[in-house]
Amino acid sequence: MADSAQAQKLVYLVTGGCGFLGEHVVRMLLQREPRLGELRVFDRHLGPWLEELKTGPVRVTAIQGDVTQAHEVAAAVAGAHVVIHTAGLVDVFGRASPETIHEVNVQGTRNVIEACVQTGTRFLVYTSSMEVVGPNTKGHPFYRGNEDTPYEAVHSHPYPCSKALAEWLVLEANGRKVHGGLPLVTCALRPTGIYGEGHQIMRDFYRQGLRLGGWLFRAIPASVEHGRVYVGNVAWMHVLAARELEQRAALMGGQVYFCYDGSPYKSYEDFNMEFLGPCGLRLVGTRPLLPYWLLVFLAALNALLQWLLRPLVLYAPLLNPYTLAVANTTFTVSTDKAQRHFGYEPLFSWEDSRTRTILWVQAATGSAQ
Ligand SMILES: NC(=O)C1=CN([C@@H]2O[C@H](COP(=O)(O)OP(=O)(O)OC[C@H]3O[C@@H](n4cnc5c(N)ncnc54)[C@H](O)[C@@H]3O)[C@@H](O)[C@H]2O)C=CC1
Ligand SMILES: C[C@@H](CO)CCC[C@@H](C)[C@H]1CC[C@H]2[C@@H]3[C@H](O)CC4=CC(=O)CC[C@]4(C)[C@H]3CC[C@]12C
């Protein structure tokens, strides 16, 4: 194989490149992909930070577009060697309708696949989610599971349903002949709950704590473990997977990989306190302050209020029956599949990930106070 100086320069497209994860993928590609010749950033809403990237050595092309519009996707994909499809509607709070979630996450993914096939793009990495597996509607725990762990994946919420369907489309498309006759190679990455710089829910919890005088109140037992992964490591895994798909097509094509790193197994709230604690917040209670039945009642009440108020106003609090079930069900992964298949090792240690996130919370909320 040619050395990196002589290697062909590649065109990458990142859909959703201005989102929380997408921005990290874009920056990671620019820092760590030596074969990058052009980077196309496709998003419905382009971030102003893209401007600063345009002065660097790699050509950065910002494309404002909608994944639900097949012609816009096809125009963006044409001539790209690799597509990293992170665009998605992440909504478990009832802000968007189930139809809209399906349209963006499923039809959008279908459009990306068809665009690859029509234009001859051969390599597609899809950002799936742990939610494709679970937690399921029955609240079964998934404890240190891997990609082969049996689990009854039963969903009713529009978000995991849409991600599961989109993932299936991506995997099924592996091996399809693209324009020019060569096979499409696809894989799907399944991050657990992502945290890090840009994580809006973390910022919301911080603001809520500040409003409550620096206190947060434990709602979930500390024994319920929730899988989390640092955004920089998720981005790194995308970059590595995209890089290795060509050489390891037979091994990686049509495969799923959980996104993992060395972040500790903890409850959702205890994990957040790793960052919010150093920012001055305290979590009250070693046990949940409210009985679980009361939380279930409040979550149901929120769902009812959302439905009643919908004609007048959007009421979408963090607590609803679905988010309560996710937060209250152990779901953690322990796997080395990505390491074995394409040499993934986390780029950022837990200490580094923690420090970066704390600095971001402090800076982001300092400017918002
Ligand atoms: N945040 C998390 O904890 C996890 C996220 N994921 C997946 O990672 C991906 C990225 O998620 P986040 O960065 O957290 O969300 P995000 O909302 O910050 O980013 C999504 C991006 O997609 C763009 N987008 C949405 N609809 C679009 C459309 N119709 N056309 C073009 N662009 C559109 C948005 O403008 C946004 O920039 C999603 O596919 C999500 O399902 C997976 C596991 C965990
Ligand atoms: C009951 C509340 C008491 O404080 C806490 C509510 C927290 C919830 C808002 C979050 C708990 C678990 C989160 C989800 C999880 O990390 C998995 C996810 C994967 C994705 O692909 C998208 C985001 C999310 C669904 C994430 C959303 C927020 C929580 C439900």
Side-chain angles (χ1 to χ4, degrees), residues 14-26 41-47 63-69 72-73 76 84-93 95-96 100-101 103-105 107-109 111-112 126-135 157 159-160 162-164 166-167 170 188-196 198-202 204-205 208-209 216-221 224 226-231 234-235 238 258-259 267-273 283 288-290 292 295-296 298-299 302 316-329 331-332:
V14 180
T15 71
C18 293
F20 166 41
L21 171 61
E23 178 175 348
H24 285 265
V25 173
V26 163
V41 182
F42 181 97
D43 205 298
R44 214 150 71 96
H45 305 289
L46 296 177
I63 307 171
Q64 184 167 24
D66 187 333
V67 287
T68 68
Q69 302 303 309
E72 294 182 7
V73 179
I84 300 180
H85 177 39
T86 77
L89 193 45
V90 183
D91 181 20
V92 291
F93 307 111
R95 292 178 189 140
T100 307
I101 293 173
E103 186 66 10
V104 174
N105 293 352
Q107 188 55 42
T109 301
N111 290 341
V112 169
Y126 173 60
T127 314
S128 182
S129 168
M130 81 175 203
E131 295 272 299
V132 160
V133 181
H157 192 279
Y159 175 74
S162 69
K163 294 299 286 187
E167 183 190 273
V170 168
L189 308 186
R190 293 173 172 169
T192 54
I194 307 173
Y195 70 92
H199 185 210
Q200 297 310 318
I201 301 178
M202 184 82 75
D204 292 347
F205 273 111
Q208 192 183 14
L216 286 169
F217 300 94
R218 188 185 292 279
I220 304 296
V224 176
H226 187 80
R228 303 293 285 271
V229 61
Y230 176 61
V231 66
V234 180
H238 280 72
F258 276 121
C259 264
S267 77
Y268 189 80
E269 291 166 332
D270 286 300
F271 191 86
N272 284 353
M273 288 313 293
L283 182 63
L289 294 186
L290 299 178
Y292 186 62
L295 274 182
V296 172
L298 291 174
N302 277 343
L318 286 184
L319 181 67
N320 64 43
Y322 182 74
T323 58
L324 178 60
V326 175
N328 199 49
T329 305
F331 198 101
T332 50

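Indexing begins at 1, ligand by ligand and atom by atom, following the structure's order. Remember, it's a predicted structure, so these values are computed and weren't measured experimentally.
- Although no hydrogens or angles enter the test, the distance criterion places no donor-acceptor pair under 3.5 Å between the side chain of Thr68 and the main chain of Glu103.
- For ligand 1, none of its N or O atoms has an N or O atom of Leu89 under 3.5 Å away.
- Put simply, the side chain of Gln200 gets close to the backbone of Gly198: a donor and an acceptor are under 3.5 Å apart.
- Distance check on atom 20 (C) of ligand 2: some protein heavy atom falls below the 4.0 Å cut-off.
- Ligand 1 has no N or O atom lying under 3.5 Å from any N or O atom of Met130, backbone or side chain.
- Ring geometry, Phe271 versus Tyr195: the interplanar angle exceeds 60°, so the pair is classed perpendicular (tilted spans 30 to 60°).
- Distance NE2/His226 to CD/Glu269: 11.5 Å, rounded to 0.5 Å.
- Heavy atoms of Val104 found under 4.0 angstrom from ligand 1 belong exclusively to the side chain.
- In this structure a side-chain-to-backbone donor-acceptor pair under 3.5 Å is missing from Thr329 to Val326.
- With ligand atoms numbered from 1 in the order given, ligand 2 contributes 17 (C) to contacts under 4.0 Å with heavy atoms of Met130.
- Scanning the protein heavy atoms around atom 14 (C) of ligand 2, the nearest turns out to be Val326 CG1, 4.0 Å.
- Residue, atom and distance of the protein heavy atom nearest to atom 18 (O) of ligand 1 are Phe20 N, 2.9 Å.
- At a 4.0 Å heavy-atom cut-off, ligand 1 does not touch Thr15 at all.
- An N or O contact shorter than 3.5 Å is missing between Val90 and ligand 1 by distance.
- Scanning all protein heavy atoms for the shortest distance to atom 13 (O) of ligand 1 gives Leu21 N, 2.8 Å.
- Protein heavy atoms are found less than 4.0 angstrom from atom 28 (C) of ligand 2.
- Here the heavy atom of the protein found nearest to atom 42 (C) of ligand 1 is Ser128 O, 3.1 Å.
- A donor-acceptor contact shorter than 3.5 Å links the side chain of Asn320 to the backbone of Val92.
- Distances from ligand 2 to the non-hydrogen atoms of Tyr159 include at least one value under 4.0 Å.
- Contact atoms of ligand 2 toward Glu269: 3 (C), 4 (O) (distance under 4.0 Å to a heavy atom of the residue).
- The protein heavy-atom contact nearest to atom 23 (C) of ligand 2 is Val90 CG1, 4.0 Å.
- Taking only nitrogen or oxygen atoms, main chain and side chain alike, Tyr159 reaches within less than 3.5 Å of ligand 1.
- Protein heavy atom at the shortest distance from atom 8 (C) of ligand 2 is Thr323 CB, 4.1 Å.
- In terms of protein heavy atoms, atom 19 (O) of ligand 1 is closest to Gly19 CA, 3.4 Å.
- Checked against a 3.5 angstrom limit, the closest N/O atoms of Asp66 and ligand 1 fall inside it.
- Using a 4.0 Å cutoff on heavy atoms, Val234 does not count as a contact of ligand 1.
- Under 4.0 Å from ligand 2, the heavy atoms of His226 that appear belong solely to its side chain.
- Looking at Lys163 next to ligand 1, an N or O pair under 3.5 Å apart turns up.
- Close approach of ligand 2 to Ala327 (heavy-atom distance below 4.0 Å) involves ligand atoms 11 (C).
- Distance from atom 32 (N) of ligand 1 to its nearest protein heavy atom, with residue and atom name: Arg44 N, 3.3 Å.
- Taken from OH in Tyr268 to CE in Met273, the straight-line distance is 13.0 Å, to the nearest 0.5 Å.
- When hydrogens are left out, the protein atom nearest atom 9 (C) of ligand 2 is Phe93 CE2, 3.8 Å; that is the closest non-hydrogen contact.
- Not close to ligand 1: Cys259, with no non-hydrogen atom less than 4.0 angstrom away.
- When the options Phe217, Tyr268, Phe271 are ranked by their closest heavy atom to atom 7 (C) of ligand 2, first place goes to Tyr268.
- The shortest N or O to N or O distance between Glu131 and ligand 2 is not below 3.5 Å.
- Annotation for ligand 2: atoms under 4.0 Å from non-hydrogen atoms of Leu319 are 1 (C).
- Checking side-chain atoms of Asn111 against main-chain N and O of Val73 turns up no donor-acceptor pair under 3.5 Å.
- At the top of the distance list for atom 34 (C) of ligand 1, counting protein heavy atoms only, stands Asp43 OD1, 3.4 Å.
- Of all the atoms in ligand 2, the ones that sit under 4.0 Å from a non-hydrogen atom of Gly193 are 16 (O).
- Note that OG1 of Thr86 and CD of Glu23 are 11.5 Å apart. Values are rounded to the nearest 0.5 Å.
- Among Thr86, Thr127, Leu46, the residue whose heavy atom lies closest to atom 38 (C) of ligand 1 is Thr86.
- Polar contact with ligand 1: present for Ile194 (N/O pair, distance under 3.5 Å).
- Atom CG of residue Asn272 and atom CG of residue Leu216 lie 8.5 Å apart, to the nearest 0.5 angstrom.
- Heavy-atom proximity to Val92, at under 4.0 Å, picks out these atoms of ligand 2: 25 (C), 27 (C).
- Taking a 4.0 Å cut-off on heavy atoms, Gly108 fails to register as neighbouring ligand 1.
- Of the N and O atoms on the side chains of Gln208 and Asp204, not one donor lies less than 3.5 Å from an acceptor on the other residue.
- Close approach of ligand 2 to Ser129 is summarised as follows: ligand atoms under 4.0 Å from at least one heavy atom of the residue are 19 (C), 20 (C), 21 (O).
- Side chain of Lys163 to main chain of Thr127: a donor-acceptor pair is present (N/O by atom type, distance under 3.5 Å, no hydrogens or angles).
- Put simply, no part of Gly47 is less than 4.0 Å from ligand 1, judged by heavy atoms.
- Against a heavy-atom cut-off of under 4.0 Å, Ile201 is close to the following atoms of ligand 2: 28 (C).
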